[in-house]
Amino acid sequence: MDGAAVPIPRRHGKAHSVYRNSFFVLVTTATTAALGFLFWVVVARFYTPVQVGIATSLISAMSLISYLSQFGLNSTLVRFPAATPARNAQLTLALCAVAGAGGLLALGYLAGLPLYGEKLLFVRDNPLAVTGFVLLCACAALNQLAKSVFTGARAPELNVLSDGLAQGVVKLALPAFLTGLGMYGIVGSTGAGFAAAVVCAMFLMRRRLGFRFAPRVGGTRLREQFGYSLASYASGLLNLVPQLVLPLIVLHHLGAAATGYFYVAFQIAALLNAIAFSVGEALFAEGSHDPGQLPVLLRRTAVIIAAAQTPAAAAIAAGSGLVLWVFGPGYADAAGPLLVAFALGSLAVALSSWANFALKVTRQLRQLIVNNAVFALVTLTLALLWADRGLVWIGWAWGLGNLASGLVAVTALLRGRRGRPSPPGEAAPAGTSVPDGPRAPVATVPTPVERPHHPDPRTRS
């Protein structure tokens with residue numbers, strides 16, 4: 001029998017919701033980034049740049065697999081939640097599907113290493129390493145979905161506990177004790193953080209959202225919204241491919257040490273990129289809950305992003321050398337110019353993230369796929385052309401790819417505002433815009449901060 005938490009009246013008005021949700025998503029991101037920053041400081045002190053470079057290639061793959069395993073379900077749980085009686089069944093099916101997909105995609109990634117990762121083939125020779133990688137990828141995928149559940153329930157403060165504190169503290173506590181494992185110590189510490197986050201998230205989903213496992217299909221709306229899930233999955237695939245491919249490009253053109261420098265700079269830049277992504281998540285959750293508020297939400301979130309992103313980018317660009325000095329000798333000289341390029345490029349990332357989240361709310365899914373195809377094509381093409389010139393050129397390729405995607409997305413948004421409204425309660429076809437008017441009412445898992453309701457979560461990273 002499905003469980004349900006007792007709803008508590010919402011105390012925040014619509015105007016306050018986007019600020020509140022943005023705040024908690026940013027707190028989660030800041031907590032994850034701060035603990036992650038300390039993690040990489042420890043790693044840089046205890047491991048060689050070559051070990052860091054190899055490990056970061058596997059960690060990048062793990063992150064990509066965690067996103068790909070969603071199959072668009074993370075967005076569907078927010079945009080089209082099941083009615084309250086079937087909400088637990090919807091979440092149960094999504095959790096099982098994502099965990100299974102994470103394990104299978106991990107096996108597929110290892111099987112394909114001869115095609116794109118010859119320098120990582122040694123991992124396949126160790127059965128324990130293969131098993132561990134598969135399990136940790138499944139945990140990473142479950143953690144990603146849990147973040148979407150909390151964001152969609154408009155209870156992002158729960159992500160602070162699971163994805164922020166539980167993951168970050170466990171991950172930070174391990175690398176100094178696992179140096180004897182070489183680069184496996186870095187990968188294992190990261191994966192253990194994902195596992196801890198999943199355990200914490202399952203506990204919070206049960207206690208705070210009233211979640212109970214309910215293995216049934218009826219009323220889950222997953223079949224009904226398969227097209228939306230598939231389109232979201234395709235756009236997510238295109239968006240995340242550069243995050244996996246860029247480290248491989250650096251590895252093959254500039255070497256393992258350069259890959260380590262690249263990854264450290266990218267993780268620092270991820271904090272900047274997460275500002276826009278966090279506010280975009282709040283835009284997606286609030287816009288899905290009440291599409292009639294979308295014009296106001298678009299303006300409000302644009303102001304928040306501009307006010308937070310611009311000074312943060314300037315600070316990181318100006319202090320890049322000091323920030324990288326913490327990681328040890330050589331990082332400031334080798335990765336300083338790259339971090340400056342990433343910092344300036346974060347403004348383009350902000351534009352792209354904001355516009356793409358808006359397109360998800362209005363269900364212009366064909367356009368969303370086009371935008372992310374532009375991002376992947378421009379970024380990877382420029383990176384391949386410029387890789388031999390040095391690390392900083394990889395950073396410029398990243399920024400220009402995001403800028404191209406953002407401009408295309410904004411153009412589509414402006415055109416979409418003139419789109420014809422869909423009838424109330426009727427899902428618009430993928431690729432069409434949805435007006436700011438009401439849609440069919442839906443119910444979701446009640447949360448302790450609001451009445452029953454109904455994420456797409458990127459650090460990019």
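Numbers here simply count residues along the sequence, with the first being 1.
- Closest non-hydrogen pair, Ala350 versus Ile305, comes out as CB-CG2, 3.7 Å.
- Considering CG of Leu105 and CG of Leu68, their distance stands at 6.0 Å, rounded to 0.5 Å.
- Considering all non-hydrogen atoms of both residues, Ala196 and Val170 come closest at CB-CG2, 3.6 Å.
- When side chains are defined from C-beta on, Phe122 counts as touching Ile54, because their heavy atoms get closer than 4.5 Å.
- The side chain to side chain contact (heavy atoms under 4.5 Å, CB included) test with Thr56 singles out one residue from Trp40, Phe262, Phe266, Tyr261, and that residue is Trp40.
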Verdict with supporting geometry, Leu294 and Leu298, side chain to side chain contact (heavy atoms under 4.5 Å, CB included)
CA-CA 6 Å; Leu294 185 58; Leu298 287 173; 3.9 Å; yes
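- Remark: Trp393 CH2 is packed, more than 12 non-hydrogen atoms of other residues, nucleotides or ligands lying under 6.0 Å away.
- Using modelled atom types, no side-chain atom of Gln167 and backbone atom of Ser162 make a donor-acceptor pair closer than 3.5 Å.
- A donor-acceptor pair is defined here as one N or O able to donate and one able to accept, closer than 3.5 Å; such a pair exists between the side chain of Gln309 and the backbone of Leu272.
- Residues Pro175 and Tyr47 meet the side-chain proximity criterion, which asks for heavy atoms closer than 4.5 Å.
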Evaluation steps, side chain to side chain contact (heavy atoms under 4.5 Å, CB included), between Leu365 and Ile369
CA-CA 6 Å; Leu365 298 181; Ile369 293 173; 5.6 Å; no
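- Looking at heavy atoms from C-beta onward, Tyr263 lies out of side-chain contact with Val43 at the 4.5 angstrom threshold.
- Between Ile249 atom CD1 and Leu254 atom CG the span is 10.0 Å, to the nearest 0.5 Å.
- Residues Ala141 and Ser69 share a closest heavy-atom pair of CB-CB, 3.7 Å.
- Distance check: Phe342 CZ to Gln267 CD gives 10.0 Å after rounding to the nearest 0.5 Å.
- Using a 3.5 Å distance cut-off with no hydrogens or angles, the side chains of Asn239 and Ser235 do not pair a donor with an acceptor.
- The two residues Ala412 and Gln364 make their nearest non-hydrogen contact at O-OE1, 3.5 Å.
- A donor-acceptor contact shorter than 3.5 Å links the side chain of Thr259 to the backbone of Leu251.
- Side chain of Gln144 to main chain of Ala140: no donor-acceptor pair is present (N/O by atom type, distance under 3.5 Å, no hydrogens or angles).
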Stepwise, does the ring-ring contact (aromatic ring centres under 6.0 Å, His included) test hold for Trp398 with Phe375?
CA-CA 9 Å; Trp398 171 263; Phe375 164 61; 5.4 Å; yes
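- When every heavy atom of Ala383 is checked against every heavy atom of Leu246, the shortest pair comes out as CB-CD2, 3.6 Å.
- A donor-acceptor contact shorter than 3.5 Å is absent between the side chain of Ser346 and the backbone of Asn273.
- For the atom pair CD (Gln51) and CG (Leu181), the distance works out to 10.5 Å, reported to the nearest 0.5 Å.
- In this structure, the separation between CD on Gln70 and CD1 on Ile65 is 12.0 Å, given to the nearest 0.5 Å.
- Side-chain contact between Val408 and Gln367 is present, with at least one heavy-atom pair separated by less than 4.5 Å.
- One distance of note links CG of Asn371 with CG of Leu238; it measures 10.5 Å at 0.5 Å rounding.
- Side-chain contact check for Trp354 versus Leu413: some heavy-atom pair is nearer than 4.5 Å.
- More than 12 heavy atoms of other residues, nucleotides or ligands sit less than 6.0 Å from atom CZ of Arg389.
- Screening residues 166-200 for ring pair (Phe, Tyr, Trp, His ring centres under 6.0 Å) gives no qualifying pairs among residues at least two apart or on separate chains.
- Side-chain N or O atoms of Ser405 include none that pairs as donor or acceptor with a backbone N or O of Asn402 at under 3.5 Å.
- Looking at Met183 and Ser57, their side chains never come closer than 4.5 Å, going by heavy atoms from C-beta outward.
- Closest approach of Pro242 and Pro247 over heavy atoms only: O-CD, 4.1 Å.
- When atom types are taken as modelled, the side chain of Ser278 and the backbone of Ala274 share a donor-acceptor pair closer than 3.5 angstrom.
- A donor-acceptor pair under 3.5 Å links the side-chain atoms of Thr362 to the main chain of Leu359, judged by distance alone.
- Side chain of Ser189 to main chain of Gly185: a donor-acceptor pair is present (N/O by atom type, distance under 3.5 Å, no hydrogens or angles).
- Listed by chain and residue number, Arg20, Pro156, Glu157, Val160 satisfy the side chain to side chain contact (heavy atoms under 4.5 Å, CB included) test with Phe24 (two or more places apart in sequence, or in another chain).
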Residue pair Asn126, Phe133: steps toward the side chain to side chain contact (heavy atoms under 4.5 Å, CB included) verdict:
CA-CA 11 Å; Asn126 186 335; Phe133 184 74; over 6 Å; no
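- Here the side chains of Phe39 and Ile186 are in contact, with some heavy-atom distance below 4.5 Å.
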Would Leu95 and Phe211 count as a side chain to side chain contact (heavy atoms under 4.5 Å, CB included) if you check the C-alpha gap in whole Å, the side-chain angles of each, and the deciding distance to 0.1 Å?
CA-CA 12 Å; Leu95 290 168; Phe211 171 69; 3.8 Å; yes
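- Contact check for Val98 versus Phe71: no side-chain heavy atoms found under the 4.5 Å cut-off.
- Within the 3.5 Å criterion, the main-chain N or O of Ala376 finds no donor-acceptor partner in the side chain of Thr379.
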